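Let me begin by presenting the structure, written as structure tokens, before commenting on it.
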Amino acid sequence: ALTKRVTCASGHVTTNRACCALFPIVDMLQEGLFDGNECGEEAHSALRLSFHDAIGFSVHGGKGGGADGSILAFNKTENAFHANGGIDDITDGQFPFFLKSGLSAGDFVHLAAAVGTSNCPGAPRLEFMFGRPPPKAPAPDLTVPEPTDSVTKILERFADAGFSPQEAIALLSSHTIAAADVVDVTIPGTPFDSTAGTFDTQVFLEVLLKGKQFPGNGSQPGEVLSPLAGEMRLQSDFRLSQDPRTACFWQAMSIRLRYSYYTDNQQRMVTEFKAAMAKLQVLGQNRAKLIDCSDVVPVPKPFNSNIKFPATFSRKDVQVACPILPFPNLATVAGPAPTIPPV
Ligand code: HEM
Ligand SMILES: [Ca+2]
């Protein structure tokens, strides 16, 4: 089929004239919110915000409106939920741009997430569907998973929102561009992998490595020993990497599968993440009523390198929990064990 092409007054090309209004908003976000196309804290937080907004939904009804921007519009209510600790930074940061944009809160939150993520090399170009109505009410408390939750509780919550265990792991690819401010308040900006500025598969490898220390003020709820100084490992990520229901999905993201359909693990991760995010970002919405404006989302820079064990680590440090997949020897970065700086 021929794709329709429209040239906007700004010179941008898109498939639907309605999308023209979004290009100036994308530019405003890039300059004002993301400090000039950066894969920094605001970009990371915009992605986290889209999850915390959308997951307030149940396929059985009785919860929130899903990907409707309620977390931004009703931030006074939702910020008070324990699982939303630290979210006020990004709702405060986004609010003035939201007001200037003229978009609905749902469109704004999910556009910001797609644009912020595009600043991270290796990320997929996420979809953006345009036209969410304003949110009706805040989501209820206790819809957002906590790092202290059991694997059963986490998988039940994802299933209630319409996601399989494999999709839950795909969504957790997001923790490759992530850091914690409130798990241990003495060390804000402590990343979950050694490359928080790159959307690579490093987090899936590092979560499997033997733990050695806590990065800050001892052991905090939701945290387990991490392999690298300056890095935080969430208890939930670690348990999901080890549980028989999810270990093979986790491990498949971290290694090259020689006989798989995918040419490599990076491609597998971004393909699965993109598909799961496309679903997440329209939860509770009637997709058929939205306009596909994905072509307003910037194209991310590629990441093509092979991931490596951090210096001093090797195959013997991997806590393999999926017996049916091979775990090949990756190269090890040269030099002494690193200390990961805060982001
Ligand atoms: C089992 C489910 C999940 C749990 C328990 C969880 C937990 C957490 C925690 C505790 C933090 C650190 C918050 C802080 O201390 O500042 C965090 C950060 C983050 N999470 Fe998750 N998360 C989950 C799933 C997801 C999903 C599905 C996404 C996106 C699709 C996501 C995206 C992020 C991002 C991007 C950050 C970093 C935010 C920043 O650096 O400012 N998380 N997560
Ligand atoms: Ca990374």
Side-chain angles (χ1 to χ4, degrees), residues 1-30 33-34 37 43 46-47 49-57 59 64-73 94 97-98 100-120 122-136 161-164 167 170-171 173-174 199 267 269-302:
L2 284 173
T3 308
K4 203 174 77 175
R5 299 217 148 262
V6 171
T7 303
C8 308
S10 60
H12 293 100
V13 177
T14 172
T15 52
N16 192 307
R17 187 156 302 281
C19 308
C20 289
L22 298 173
F23 288 104
I25 299 171
V26 171
D27 291 346
M28 172 181 78
L29 291 175
Q30 289 288 43
L33 183 63
F34 300 132
N37 307 20
L47 178 57
L49 189 69
S50 75
F51 172 55
H52 287 221
D53 181 48
I55 200 70
F57 176 79
V59 292
D68 62 356
S70 65
I71 200 163
L72 185 60
Q94 287 190 356
F97 298 104
F98 160 54
K100 264 190 232 161
S101 74
L103 298 179
S104 70
D107 282 344
F108 185 86
V109 165
H110 297 286
L111 178 63
V115 174
T117 302
S118 81
N119 292 339
C120 304
R125 187 189 198 190
L126 295 177
E127 273 186 23
F128 178 66
M129 302 300 293
F130 184 29
R132 294 168 187 75
K136 293 200 183 79
F163 294 98
S164 69
E167 288 172 322
L171 288 172
S173 306
S174 54
F199 207 104
Q267 194 195 335
M269 176 184 71
V270 297
T271 304
E272 290 191 14
F273 177 69
K274 179 172 178 153
M277 283 299 295
K279 197 167 151 181
L280 181 79
Q281 294 196 291
V282 298
L283 273 191
Q285 301 292 327
N286 181 349
R287 200 176 193 282
K289 283 197 176 163
L290 303 178
I291 298 169
D292 190 341
C293 288
S294 302
D295 53 17
V296 309
V297 178
V299 178
K301 291 197 184 79

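All figures in this text were calculated on a predicted structure; none of them were measured in a lab. Along the sequence shown, residues are numbered consecutively beginning with 1.
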Problem - Closest non-hydrogen atom pair, Pro134 against Ser104 - result: N-CB, 4.3 Å
Exercise for the section: To the nearest 0.5 angstrom, please state how far the CZ atom of Phe23 sits from the SG atom of Cys293. Expected result: 8.0 Å
Exercise for the section: Under the salt bridge (Lys or Arg N to Asp or Glu O under 4.0 Å) rule, collect the residues that match up with Arg287, sequence neighbours excluded. Expected result: Glu127
Handout entry: Side-chain touch Leu29/Phe108, heavy atoms, less than 4.5 angstrom
Key = yes
Exercise for the section: Kindly indicate, with the supporting measurements, whether the criterion side-chain contact (heavy atoms from CB on, under 4.5 Å) is fulfilled by Arg132 and Asp68. Expected result: CA-CA 7 Å; Arg132 294 168 187 75; Asp68 62 356; 5.9 Å; no
Handout entry: Check: Asp295 and His12 side chains under 4.5 Å, non-hydrogen atoms
Key = no
Handout entry: Counterpart residues, side-chain contact (heavy atoms from CB on, under 4.5 Å), relative to Ala43 (two or more places apart)
Key = Phe34
Practice task
Could you pull out the closest heavy-atom pair between Pro24 and Ala21, with the gap in Å?
Solution key: CD-O, 3.5 Å
Exercise for the section: Find the distance between CG (Leu280) and CZ (Phe51) and round it off to the nearest 0.5 Å. Expected result: 7.0 Å
Exercise for the section: Compare all side-chain heavy atoms of Ile71 with those of Leu49 and state whether any distance is below 4.5 angstrom. Expected result: yes
Practice task
Could you tell me whether Lys301 atom NZ has more than 12 heavy atoms of other residues or ligands within 6.0 Å of it?
Solution key: no
Practice task
For residues Lys274 and Leu126, report the shortest heavy-atom separation together with the two atoms involved.
Solution key: CA-CD2, 4.1 Å
Problem - Residue list, side-chain contact (heavy atoms from CB on, under 4.5 Å) with Pro133, at least two apart or on another chain - result: Gln285
Completion exercise
Across all chains, not counting sequence neighbours, the salt bridge (Lys or Arg N to Asp or Glu O under 4.0 Å) partners of Lys279 are Glu167
Handout entry: Approximate separation, where rounding is to 0.5 Å, of Asn16 CG and Ser294 OG
Key = 11.5 Å
Practice task
Grab the two heavy atoms, one from Ile55 and one from Ala161, that are nearest each other, plus how far apart they are.
Solution key: CD1-CB, 3.7 Å
Handout entry: Ile291 side chain reached by Phe128 side chain, heavy atoms, under 4.5 Å
Key = no
Fill in the blank from the handout: In this structure, OG of Ser118 is separated from CD of Gln30 (nearest 0.5 Å) by 5.5 Å
Handout entry: Counterpart residues, side-chain contact (heavy atoms from CB on, under 4.5 Å), relative to Ser173 (two or more places apart)
Key = Phe199, Phe204, Met253, Met269, Phe273
Practice task
Drop me the distance from Leu22's CG to Cys19's SG, to the nearest 0.5 angstrom.
Solution key: 6.0 Å
Completion exercise
Sorted by chain and number, sequence neighbours left out, side-chain contact (heavy atoms from CB on, under 4.5 Å) with Asp27 holds for none
Problem - Distance-only side-chain donor-acceptor flag, His110 / Asp53, under 3.5 Å - result: yes
Exercise for the section: Indicate yes or no: at least one non-hydrogen side-chain atom of Pro298 is less than 4.5 angstrom from one of Val26. Expected result: yes
Exercise for the section: Determine if the SG-SG distance between Cys8 and Cys20 falls under 2.5 Å. Expected result: yes
Practice task
Could you tell me whether the side chain of Val115 reaches within less than 4.5 Å of the side chain of Val296, counting heavy atoms only?
Solution key: no
Practice task
Taking the side chain as every heavy atom from C-beta outward, state whether Phe130 and Leu290 have any pair of such atoms under 4.5 Å apart.
Solution key: no
Handout entry: Minimum heavy-atom distance between Met129 and Asp107, given as atom pair plus value
Key = O-OD1, 3.8 Å
Completion exercise
CG (Leu47) and OG1 (Thr117) are apart, to the nearest 0.5 Å, by 4.0 Å
Exercise for the section: Measure the shortest side-chain to side-chain distance between Leu111 and Leu103 over non-hydrogen atoms and say whether it is less than 4.5 angstrom. Expected result: yes
Exercise for the section: Could you tell me which non-hydrogen atom of Phe97 sits nearest to which non-hydrogen atom of Leu33, and how far apart they are? Expected result: CZ-N, 3.8 Å
